[in-house]
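These notes are about the structure you will find just below.
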Amino acid sequence: MKELSLNILDILENSIHAGATRIHLTLQEYLETKDFLGFRIEDNGKGMDQAMVDSLFDPFTTTSTTKTVGLGLPLLKQEAEMCNGGCELESQPGVGTKVSFWFQHTHIDRPPLGDIVSTVIMMYAIHSGVEFIFTHEVDNNSFEVSTSELKEVFQDVPINNPKILQGLETFLLENKNQLYGGKHYG
Amino acid sequence: MAKINSLDELRKLRDQAKESMTARSGEAKVRIRASMGTVGIAGGAREVLKAIIDELEKRNFHEVEIIEGGSMGLDKEEPVIVVERDGFQTTYGKVQPEMARQIVAQHVINGQIISEWVIARNKQ
Ligand SMILES: Nc1ncnc2c1ncn2[C@@H]1O[C@H](COP(=O)(O)OP(=O)(O)O)[C@@H](O)[C@H]1O
Ligand SMILES: [Mg+2]
């Protein structure tokens with residue numbers, strides 16, 4: 001993937017396929033206090049047993065029936081480690097899964113974060129039934145928005161209505177710019 | 001930590017969307033399936049879906065439901081989108097954002113299939 005925001009979308013889709021009804025994405029970008037870019041995805045999907053977790057970073061593991069190789073997670077782990085970062089995965093069958101990846105923010109080989117707003121929009125567009133919580137921290141500022149609070153505002157207008165989605169994109173972009181406070185985080 | 005989150009503008013947005021919904025009811029009901037598997041995402045599925053949303057909004061067309069199609073076992077055709085309209089399921093392969101816009105304008109809204117991009121077609 002050419003952007004971390006696409007890897008994030010791919011991992012969010014794993015949660016969806018695991019039947020999650022609640023997914024929390026936390027994105028952390030720290031340049032002032034430390035040199036860190038990380039994200040964490042927690043879901044209440046069906047989870048994995050220890051054997052599955054252990055084999056997950058073996059590039060030949062997948063439960064997908066349409067192909068035989070799952071490459072998303074092992075490749076990203078390699079990239080994180082190359083950037084003085086790492087990856088952690090905790091899972092419990094019947095409870096859920098928590099995956100985190102982190103990178104040295106300023107590492108020359110770190111892939112760009114890319115268009116995180118579009119990744120969030122995908123959740124509203126095609127997984128509007130899922131309670132999705134997005135937390136974005138940039139140094140000392142943070143932004144958080146959840147599907148349920150948005151639905152409360154939109155009432156009988158579906159969150160995946162094209163006009164609503166376009167407006168949400170503007171809303172998310174404005175909040176992101178405010179978080180960055182004019183600085184460039186990449 | 002300073003929390004930034006203003007929902008006021010979104011309330012206005014809701015009222016605008018509501019208004020155009022009631023103004024335009026009675027359109028053909030169309031369903032679009034977009035696949036968001038690893039291969040599709042790497043091939044631009046997110047940008048394709050964003051182009052679809054943008055085109056639907058520009059053309060003020062709301063009687064459409066976008067759902068995830070799952071990986072359709074068509075990895076080499078990704079990004080794939082399926083249009084369900086007039087009793088047919090039409091699958092388009094190797095879709096790029098500009099193609100997606102045309103599919104919305106011609107097929108989703110006006111019911112005209114763009115045959116050269118179709119990779120499968122089934123009665124529903
Ligand atoms: N959040 C999750 N909850 C439950 N199982 C998961 C989760 N993420 C990944 N898995 C399991 O790990 C496997 C490998 O994931 P991945 O590397 O993304 O490949 P793929 O999604 O293509 O199968 C999945 O097929 C699934 O069985
Ligand atoms: Mg996956």
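Values reported hereafter were calculated over all heavy atoms of this structure, with side chains retained and with hydrogens, waters and symmetry mates removed. Note on naming: letters A, B, ... go to the chains in the order of the sequence lines (proteins, then strands), and numbering restarts at 1 for each one.
With a 4.5 Å cut-off on non-hydrogen atoms, A/N160 touches chain B through its side chain but not through its backbone. If you measure heavy-atom distances from A/D115 to chain B, the contacts under 4.5 Å come from both the backbone and the side chain. Using a 4.5 Å cut-off between heavy atoms, A/H127 touches chain B through its side chain atoms alone. For A/L168, the parts sitting under 4.5 Å from any heavy atom of chain B are the backbone and the side chain alike.
More than 12 heavy atoms of other residues, nucleotides or ligands shown are found within 6.0 angstrom of CD on B/E65. Remark: B/R101 CZ is packed, more than 12 non-hydrogen atoms of other residues, nucleotides or ligands lying under 6.0 Å away.
Here the side chains of A/L165 and B/E57 are not in contact, with every heavy-atom distance at 4.5 Å or above. Side-chain atoms of B/L13 and A/T170, non-hydrogen and from C-beta on, never get closer than 4.5 Å to each other. Considering only heavy atoms from C-beta on, A/M1 comes within 4.5 Å of B/T38 through its side chain. Here the side chains of B/E68 and A/H17 are in contact, with some heavy-atom distance below 4.5 Å.
Closest non-hydrogen pair, B/L10 versus A/F154, comes out as O-CE2, 3.7 Å. Residues B/I53 and A/I121 approach most closely at CD1-CG2, 4.4 Å, considering heavy atoms.
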* For A/K163 and B/M21, what are the C-alpha separation, side-chain angles and deciding distance, and is it a side-chain contact (heavy atoms from CB on, under 4.5 Å)? -> CA-CA 10 Å; A/K163 208 180 255 326; B/M21 273 170 78; over 6 Å; no

* Asked: Passes side-chain contact (heavy atoms from CB on, under 4.5 Å), A/Q166 versus B/K50? Steps please.
  -> CA-CA 9 Å; A/Q166 290 289 71; B/K50 285 202 65 198; 5.7 Å; no

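Results of the side chain to side chain contact (heavy atoms under 4.5 Å, CB included) test with B/K18 over A/D156, A/N161, A/I164 single out A/D156 as the only residue that passes.
Taking CD1 from A/I126 and CD1 from B/I66, the interatomic distance works out to 9.0 Å, rounded to the nearest 0.5 Å. Atom OG1 of A/T119 and atom CE of B/M36 lie 9.0 Å apart (nearest 0.5 Å).
Each of A/P158, A/S128, A/S5 has some count of heavy-atom pairs under 4.5 Å with chain B, and the biggest count is that of A/S5. For the set B/D15, B/D54, B/I67, B/L56, the entry with the most heavy-atom pairs within less than 4.5 Å of chain A is B/D54.
The pair B/R11-A/E152 does not count as a salt bridge, with every side-chain nitrogen at least 4.0 angstrom from each carboxylate oxygen.
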